[in-house]
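Just so you know, these numbers use all the heavy atoms, side chains as well, and skip hydrogens, waters and symmetry mates. Protein chains get the first letters and strands the later ones, always in sequence-line order, with residue 1 at the start of each.
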2 protein chains.
Amino acid sequence: MKETFAHASGGRRAGGGGTAPPAPAALAAKVRTLAPSMTRSMQRVAEAVAGDPAGCAALTVTGLAELTGTSEATVVRTARLLGYPGYRDLRLALAGLAAQQQSGRAPAITTDIAVDDPIADVVAKLAYDEQQTLADTAAGLDTGQLGAAVAALAAARRTDVYGIGASGLVAQDLTQKLLRIGLIAHAHNDPHLAVTNAVQLRAGDVALAITHSGSTGDVIEPLRAAFERGATTVAITGRPDSPVTQYADHVLTTSTSRESELRPAAMSSRTSQLLVVDCLFVGVAQRTYDSAAPALAASYEALAHRHGGSRGRP
Amino acid sequence: MKETFAHASGGRRAGGGGTAPPAPAALAAKVRTLAPSMTRSMQRVAEAVAGDPAGCAALTVTGLAELTGTSEATVVRTARLLGYPGYRDLRLALAGLAAQQQSGRAPAITTDIAVDDPIADVVAKLAYDEQQTLADTAAGLDTGQLGAAVAALAAARRTDVYGIGASGLVAQDLTQKLLRIGLIAHAHNDPHLAVTNAVQLRAGDVALAITHSGSTGDVIEPLRAAFERGATTVAITGRPDSPVTQYADHVLTTSTSRESELRPAAMSSRTSQLLVVDCLFVGVAQRTYDSAAPALAASYEALAHRHGGSRGRP
DNA sequence: GACCGAAACGAAAATATCTTTCATGAGTGA
DNA sequence: TCACTCATGAAAGATATTTTCGTTTCGGTC
């Protein structure tokens with residue numbers, strides 16, 4: 001029978017009425033404090049518990065009793081002495097302790113990836129790096145410039161996006177998104193066609209160049225053409241002082257993180273660029289909400305039949 | 001100890017989800033990933049568990065069943081679905097999670113992006129969400145499957161990658177990277193051509209499908225064709241129990257985060273997929289280091305002249 | 001050295017908890 | 001509408017935990 005229903009309440013206030021609430025992480029200390037007052041068998045149990053919380057958490061009373069060469073009763077008695085209602089609760093605390101220890105160990109990540117890193121480390125390091133990149137990008141993004149770019153995009157008659165290589169994929173990503181909310185956008189990865197199209201742009205249109213180095217000629221040229229035609233130009237680059245910014249009305253800076261041999265710069269610049277692009281998209285979607293929302297819904301609807309049932313097993 | 005692994009179907013299946021050992025902190029992510037394939041009652045249980053780990057850890061099966069208005073059986077079933085041998089183990093993991101949350105950083109308050117959020121908030125929220133997605137993905141990634149996929153890619157005579165829409169860009173990203181280290185890879189976004197090419201694959205080749213829903217026919221078909229031809233098949237999907245996994249030797253699960261109107265699922269799934277793809281790439285680069293390193297250097301060199309001076313001001 | 005009392009200890013019973021089985025009913029597609 | 005599947009919970013069946021209680025061990029005393 002539980003009458004403890006108010007969910008948002010104290011959380012871990014067990015109430016109970018007992019004298020000692022469970023100990024969170026002070027377990028090792030408690031063991032040392034109480035050890036003198038323990039019998040020999042209990043000490044063995046306490047020692048095992050303090051020595052390998054994670055391991056013990058995986059054991060049942062019987063298991064721990066066997067491991068320490070004692071009996072179930074002794075294990076329970078020890079748990080009681082340590083302040084828990086029973087072994088079950090000690091075990092829970094042990095699991096918590098183990099998790100804490102584990103997570104505390106995590107930040108010891110040297111960010112460089114070595115050739116012989118185990119795969120699990122690779123995952124952790126890459127995830128960490130990309131998280132870092134995101135944080136840096138968000139911190140370094142000029143919201144004024146971003147807002148201006150959003151306004152321009154939202155009002156544009158049409159938008160052209162330029163990007164080559166990895167940045168080309170980001171360009172396509174943005175284009176796909178803009179199309180989804182009913183805007184007219186096009187991603188160019190053929191430099192010649194890009195220029196050809198750029199000269200068609202005029203005031204009120206938007207040209208957006210994505211280049212990490214800021215020096216990719218194939219991307220700068222069309223932006224320049226658009227710029228000279230009077231279109232509003234935006235550059236997403238990791239180098240705010242690079243050539244591309246000469247022709248950009250608004251510059252959005254992506255962050256540049258350390259690169260290493262196994263982790264080329266393209267990787268983090270892509271992450272960074274995508275965040276910027278997402279911000280642009282959401283900003284534009286906000287501004288054009290009345291038309292964007294139905295458009296999004298419609299495109300979602302249109303795709304629904306291409307996927308199987310909504311359930312896992314169609 | 002029970003070895004209840006009954007599901008074993010014949011053939012060379014990756015096991016749609018039975019492979020994962022207990023998840024430590026990836027629980028919230030796992031709940032989100034698996035929720036779609038859950039029944040209503042199970043969802044209620046999963047929700048309670050994800051919403052208040054600490055509280056649930058204090059409950060017995062019966063207690064949790066009562067709290068969620070379901071039965072013990074359902075609770076156990078949910079625990080199983082989440083990857084634990086039984087409720088007892090889920091409870092232990094819950095205790096660990098609670099301890100982590102408590103000792104760890106601030107509570108993860110994720111507010112949905114609203115139409116009238118100022119642009120600075122949009123940036124912060126998007127960055128935070130994507131960071132969360134990365135963490136979840138890393139935590140939930142099965143390194144065994146990842147390692148197997150890496151080994152297959154590194155040894156492949158050739159690799160075909162399938163993806164449509166946003167996933168198509170991820171497919172291209174992977175392809176670009178693999179090409180850079182001298183492997184033979186191709187990204188297909190034309191379903192017909194993809195199938196046509198898939199039937200050319202044979203044992204030792206790798207086919208890799210990227211689909212968030214796991215139910216995109218255009219992507220499943222070529223994977224199936226490759227599978228039937230004896231190629232090694234890999235699926236990157238957010239739904240480990242979806243149709244695509246039927247034809248996948250190795251399944252890499254991406255995380256699914258909350259989506260909202262202004263932040264479509266595609267956004268976080270892309271982030272998640274890219275992390276997985278990066279892990280694959282780095283893993284392969286490690287394994288083929290002797291040939292990958294020079295290839296990387298060469299491609300870098302070849303591109304150098306396309307960018308202006310190495311400095312910002314040309 | 002033998003004996004006594006108290007505490008420690010573990011075997012096994014008693015209880016709580018978890019897991020499995022099975023019948024039932026809701027929902028679904030033909 | 002009917003047959004069928006699948007989700008669901010009640011209760012039986014297994015495990016794990018707690019309690020009980022008798023045996024063993026230890027320290028001291030005669």
Side-chain angles (χ1 to χ4, degrees), chain A residues 1-2 4 14 16 18 22 34-49 55-95 305 308-314, chain B residues 1-7 16 18 22 34-49 55-95 241:
Chain A
M1 304 315 149
K2 269 280 158 343
T4 330
L34 265 35
S37 63
M38 286 181 185
T39 68
R40 240 186 314 283
S41 320
M42 284 166 105
Q43 280 181 5
R44 278 213 301 284
V45 175
E47 204 174 300
V49 157
C56 292
L59 293 169
T60 69
V61 216
T62 314
L64 186 52
E66 265 178 32
L67 177 73
T68 58
T70 63
S71 68
E72 289 100 326
T74 301
V75 172
V76 173
R77 277 191 281 262
T78 309
R80 292 261 161 75
L81 194 69
L82 289 174
Y84 300 91
Y87 174 70
R88 206 187 309 274
D89 301 78
L90 168 62
R91 200 175 165 188
L92 241 46
L94 242 36
H305 82 275
S310 64
R311 262 301 162 68
R313 311 280 297 286
Chain B
M1 300 314 153
K2 272 261 134 44
E3 17 72 58
T4 331
F5 250 97
H7 287 310
L34 263 32
S37 62
M38 285 182 187
T39 68
R40 234 189 317 284
S41 321
M42 285 166 105
Q43 281 181 2
R44 276 212 302 284
V45 175
E47 205 173 300
V49 156
C56 292
L59 294 167
T60 69
V61 219
T62 314
L64 186 53
E66 268 178 28
L67 177 72
T68 57
T70 63
S71 67
E72 289 98 327
T74 300
V75 172
V76 172
R77 276 191 281 260
T78 308
R80 291 262 163 75
L81 196 70
L82 289 174
Y84 301 91
Y87 175 68
R88 206 186 308 273
D89 302 78
L90 168 62
R91 202 174 163 187
L92 240 47
L94 242 35
D241 61 341

A/Leu90 CG - D/dT18 P separation (whole Å): 10 Å
Heavy atoms under 4.0 Å, any strand shown: does B/Arg44 hit a base, just sugar-phosphate, or nothing? nothing
Side-chain N or O of B/Thr74 versus OP1/OP2 of D/dG9: is the shortest distance under 4.0 Å? yes
Counting only side-chain nitrogens and oxygens, does A/Thr39 get under 4.0 Å of the OP1 or OP2 atom of C/dA8? no
When rounded to whole Å, the CG to C1' distance for the pair B/Leu81 and D/dT8 reads 15 Å
Main-chain N/O of A/Thr60 paired with A/Arg91 side-chain donor or acceptor, under 3.5 Å: no
Side-chain-base donor-acceptor pair under 3.5 Å for B/Arg40 and C/dG27: no
Separation of A/Leu92 atom CG from D/dA16 atom C1', in whole Å? 14 Å
Could you check how far CD of B/Glu72 sits from C1' of D/dA7, rounded to whole Å? 16 Å
To the nearest Å, give me how far apart CE (A/Met42) and P (C/dG10) are. 11 Å
Name the nucleic acid region contacted by A/Arg80, choosing base, sugar-phosphate or nothing; use a 4.0 angstrom heavy-atom cut-off, strictly under. sugar-phosphate
Proximal nucleotide (of D/dT20, C/dC18, D/dT17) relative to the B/Arg91 side chain: C/dC18
Would you check if the side chain of A/Thr78 reaches a backbone N or O of A/Thr74 as a donor-acceptor pair within less than 3.5 Å? yes
Between B/Ser41 and B/Thr39, do the side chains contain a donor N or O and an acceptor N or O under 3.5 Å apart? no
Atom CG of B/Asp89 to atom P of C/dT17: distance rounded to whole Å? 17 Å
Kindly indicate whether the side chain of A/Arg44, heavy atoms from C-beta on, has any atom under 4.5 Å from the side chain of A/Val75. no
For residues B/Leu64 and B/Tyr87, determine if any side-chain heavy atom of one lies less than 4.5 Å from a side-chain heavy atom of the other. yes
When rounded to whole Å, the CD to P distance for the pair A/Glu66 and C/dA11 reads 10 Å
It should be established whether B/Arg77 places a side-chain nitrogen or oxygen under 4.0 Å from OP1 or OP2 of nucleotide C/dT19. no
In whole angstroms, the gap separating P of D/dA16 from CG of A/Leu64 amounts to 14 Å
Looking at A/Ser41, does any N or O in its side chain come under 4.0 Å of the phosphate oxygens OP1/OP2 on C/dC9? yes
Using a 4.0 Å heavy-atom cut-off, does A/Gly63 contact any base of the nucleic acid, only the sugar-phosphate backbone, or nothing at all? nothing
A/Arg88, nearest nucleotide to its side chain (from D/dG9, C/dT19, C/dT17): C/dT17
